[in-house]
Asks: 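Let me give you the structure first, and then I'll get to my questions.
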Amino acid sequence: MPEITIREAISRGLREALEDENVFIMGEDVGSYGGAYAVTKGFLQKYGPERIKDTPIAESVMAGAGVGAAMGGMKPIVEIMTINFMLLAMDQVVNHAAKMRYMSNGQIEVPLIVRTVTGGGGQLGATHSQSFEGWFASVPGLKVAVPSTPYDALGLLRSAVAERDPVIFAEHALLYGVKGEVPDEHYEVPFGQAKVRQEGKDITLVGHLRMVGVAMKVAEALAKKGREAEVIDLRSLRPLDVDTVIESVKKTNRIVVLDENWQTGSFAAEIVSAVQEHAFDYLDGPVGRVGGLDVPAPYSRGLEAAVAPTPERVLDTIKELYGL
Amino acid sequence: MPQMGYDMQQGTLVRWLKSEGASVKKGEPIAEIETDKAVVEFQSYADGVLRKILVKEGTTVAVGKAIAIVGTAGEAIPDAPAEPAAKAEVPQPKPTRSEEVIAAERQPKPVPPSAEPAEPRGDLKVSPIARKLADEMGVDLSRIEGTGPGGRITKDDVLAAAEQPKAAPPKAAAPAPTPAARDIGPGEKVPLTKMRQQIARVTVRSKRESPHFYVSAEIDMSQAMRLRAQLNQSDEFAGTKVTVNDLVIKASVDALQKYPKFNSSFADDAIQMHEAVNIGVAMALEQGLMVPAIMDCAGKSLKEIAAASKDLAERAKGGTLRAEEYTGGTFAISNLGMFDVFSFIAIIHPPQSAVLAVGSVAKRPVVRNDQLAVAETMIATLSADHRVVDGAEGAMFLGEVKRMLENPFTLLL
């Protein structure tokens, strides 16, 4: 099976989508620059400026135009350069895209895809290093995809293209170069199906995007202590596959949820809550979570690394909560 | 609502046999009450008039609740708060001469049913899964030292404890770890009948609460069997066939009068002696085991015991036992002689302190005058509650039973 990067996988998914005349892409630097993360490189030349539209620096306009185009029967794929800029598009996404179907009694649908880049770790400073995908996942009417592998990136993007409701497609800034096998044959990864990346019987580690990799490192460290961790990649935050997490906890009796966002109010808290609601009697200790420290992301490389959840912090938490 | 069986917690009033205003005599059946085991006639505790019925037919109420008021005609009766709760035993000045019909006042007091062994688990920190596993595997959490953060007992601690062979004397004879029955393989699941549930409760409680010890003796029954044959052929015993069990009952009654500690109940801070000698007789009925008692055996002759025993068995089969016969036993005899059993050991029927288990009477080799001989013998095994009596006393009691059966004329005195 050919190995490709997440960047290539998304690029391939977009090209597939563009075979449909109703699909067009718009965003900052998606055209002549080829995309801030080079995902749409060469697209302008191939598909022309009608379908690959560079926009001004105006996220509310981009999102609003996307909502309108989607309502009018198009399939817009709007690229918001980073999730930090989504704050400017929030009203369009939360109050319009997510609400139209409901408020029109199902007469209007908004099949909009908003691709955006989340996460820190790139020394981009406090205003460019945040992880808001969990915020959007709390909004009914939206779907939120969070791929951590090339296979999932392509599979989820295909599902997003087929979806008739607005999708926030959150890509992680540091994962574009991650390689993985992707079959030539067509497949899709449906929303709401978490993936067990590694099976284990001693503790469940849950994460999405970059935290899956951190969890895998934690699992390696635990393996050296003779403990088997089960690593679950959520793959989509809304709909959320709670069942896979609960089933795992019933087996391992221990769980730590990882989230790159600030710990206070992070999406991890939602998982923690679901676990104690549905698997209380199976727990061997408190439900654990490790989030980003509650500070604006530092610019300094060392400090920034210390703010995000690290394998060391996760291991400390596991020891503290479960004595493993 | 009378207590008509150890562990009975409620009863259903099936039918009133008397209506309000009817005059009743002490001992006269006035109602039928259904327990877990059977429908039983309930007899008035007093002479008088059934003034007020407090519990309607078909209603199930807790043991100890007043079900009716018996008084004199015309006497003022209290505005019956339909449930003068189970306070019957609190001595209160009674406003009238009415007697509340509450069975719990009579009968040897059963050990309070709440006597669950107190588990010293107050401050134990236990994870939810550890507690669940401990319950399932029968692991006593109070024996485990938690190794989790803050001393919490974790899953691993319970699993480790379950693997260890039980430490020498476990604090509170914890039930052995029972692997879940479903792990053995497929098979039908038969729901427990009420009687099965009752037997399970009573026997588990007995084995958990009363430390049993056992004393066995071989009893030469040759003379007793001859006597029995003669009696059964005599005119005096016409219509009253004496069974081996009747002989054992009679011998036990006499031995109990000599060693009254075996006719008692352990009552936490005291030993409750019982004046009456009521011999429970274990009976295997279709629905299961029952141990109704022959009441007031102390003054009864062998013939009277034989008659009472036959009557009891018939009424047990017919389901017309009286309440006190369920609860009143002070000692019990379990006889599997008819099944060609050499010997066996019985479980004490709480709140009694002892039970005598007898096997078959059969011809066996014995030594007489240093010579082998053949005699009809029976192995009797006494199970006794060590909280009440000790081994030597058990031996003396059993010796007395043996002496009487081997010199059976004493049974006719």
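Each chain gets a letter, A, B and so on, in the order its sequence line appears, and its residues count up from 1. Any value given below was found using the heavy atoms of this structure, including those in side chains, with hydrogens, waters and symmetry copies removed.
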Asks: If you compare all heavy atoms of A:Y282 against all heavy atoms of B:K132, which two are closest, and at what distance to 0.1 Å?
Replies: CE2-NZ, 3.3 Å

Asks: Taking non-hydrogen atoms and a cut-off under 4.5 angstrom, which of residues 226-256 of chain A neighbour chain B?
Replies: A:R227, A:K251, A:T252, A:N253, A:R254

Asks: Could you give the distance from CG (A:L324) to CG (B:D156), rounded to the nearest 0.5 Å?
Replies: 7.0 Å

Asks: Please output the residues of residues 190-213 of chain A in contact with chain B, using a heavy-atom cutoff of under 4.5 Å, in numerical order.
Replies: A:K201

Asks: Give me the atom names and distance for the closest heavy-atom approach of A:E320 to B:P149.
Replies: O-CG, 3.0 Å

Asks: Looking at B:K207, I want to see if its NZ is surrounded by more than 12 non-hydrogen atoms of other residues, nucleotides or ligands under 6.0 Å.
Replies: yes

Asks: For A:Y299, is the OH atom crowded, meaning more than 12 foreign heavy atoms sit under 6.0 Å from it?
Replies: no

Asks: Should we say atom NZ of A:K179 is surrounded by more than 12 heavy atoms from elsewhere, each under 6.0 Å from it?
Replies: no

Asks: Can you tell me if CZ on A:R313 sees more than 12 non-hydrogen neighbours from other groups inside 6.0 Å?
Replies: yes

Asks: Does B:K155 offer a backbone N or O that forms a donor-acceptor pair with the side chain of A:D284 under 3.5 Å?
Replies: yes

Asks: How about CD on B:E145, more than 12 heavy atoms from neighbouring residues, nucleotides or ligands closer than 6.0 Å, or not?
Replies: no

Asks: Please answer whether the main-chain N or O of A:D281 pairs with a side-chain N or O of B:R131 as donor and acceptor at a distance below 3.5 Å.
Replies: no

Asks: Can you tell me if CZ on B:F344 sees more than 12 non-hydrogen neighbours from other groups inside 6.0 Å?
Replies: yes

